[in-house]
Amino acid sequence: MTGLRWGELIAIRRCDLDLEGRVVHVYRRIAQTRRGQMVPGPTKSVAGARSIALPDVLVDELRQHLDSFAES
């Protein structure tokens with residue numbers, strides 16, 4: 001639904017979500033090395049750092065998830 005790469009998706013933090021503005025900010029990614037390590041870092045390019053609009057249905061799901069599993 002968002003067009004995020006897997007490494008970008010798993011690197012999203014609570015602070016990257018703006019549910020009122022219905023947007024997710026993409027600043028980082030996690031890459032897996034050949035040895036299997038998960039290494040955080042910036043997006044692949046400057047253009048990779050971006051803000052993506054979230055569809056209403058996803059915002060509703062994220063709100064429910066955060067209410068259930070995230071600390072305020």
Side-chain angles (χ1 to χ4, degrees):
M1 294 181 118
T2 61
L4 290 173
R5 296 175 182 94
W6 177 247
E8 295 169 339
L9 186 63
I10 63 175
I12 292 173
R13 298 178 186 170
R14 174 65 185 99
C15 61
D16 298 329
L17 295 172
D18 176 1
L19 298 181
E20 294 303 316
R22 300 181 184 278
V23 68
V24 60
H25 303 286
V26 181
Y27 303 116
R28 66 189 69 78
R29 55 101 178 114
I30 295 178
Q32 186 172 9
T33 67
R34 290 184 180 162
R35 293 183 178 178
Q37 277 185 299
M38 301 300 275
V39 181
T43 57
K44 286 185 174 183
S45 68
V46 174
R50 61 206 187 277
S51 296
I52 297 174
L54 296 172
D56 291 344
V57 67
L58 192 51
V59 171
D60 294 340
E61 290 292 326
L62 287 168
R63 278 196 176 112
Q64 288 179 9
H65 177 82
L66 293 172
D67 287 344
S68 298
F69 299 105
E71 294 182 19
S72 297

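Numbers here are sequence positions counted from 1. It should be emphasised that the depicted structure is a prediction, and the values quoted were computed from it without experimental measurement.
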Could you tell me which residues satisfy salt bridge (Lys or Arg N to Asp or Glu O under 4.0 Å) with R28, sequence neighbours excluded, listed by chain and number?
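With neighbours one apart ignored, the set is D16.
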Looking at residues at least two apart in the chain, or sitting in another chain, which of them share a salt bridge (Lys or Arg N to Asp or Glu O under 4.0 Å) with D56?
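By the salt bridge (Lys or Arg N to Asp or Glu O under 4.0 Å) rule, D56 matches R22.
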Test question: given the 4.5 Å side-chain rule for I, L, V, M, F, W and Y, name all other residues clustered with L17, or answer none.
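For the cluster that includes L17, the remaining residues are L4, W6, L9, I10, I12, L19, V24, V26, I30, M38, I52, L54, L58, V59, L62, L66.
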Side-chain hydrophobic cluster, 4.5 Å single linkage: members besides V39
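Hydrophobic cluster check, V39: no partners found.
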Going by side chain to side chain contact (heavy atoms under 4.5 Å, CB included), name the residues that satisfy it together with D18, two or more places apart in sequence or in a different chain.
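Partners of D18 by the side chain to side chain contact (heavy atoms under 4.5 Å, CB included) criterion, ordered by chain and then number, come out as E20, V23, H25.
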Salt bridge (Lys or Arg N to Asp or Glu O under 4.0 Å) contacts touching residues 33-51 (sequence neighbours left out)
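Listed by first then second residue: E8-R50.
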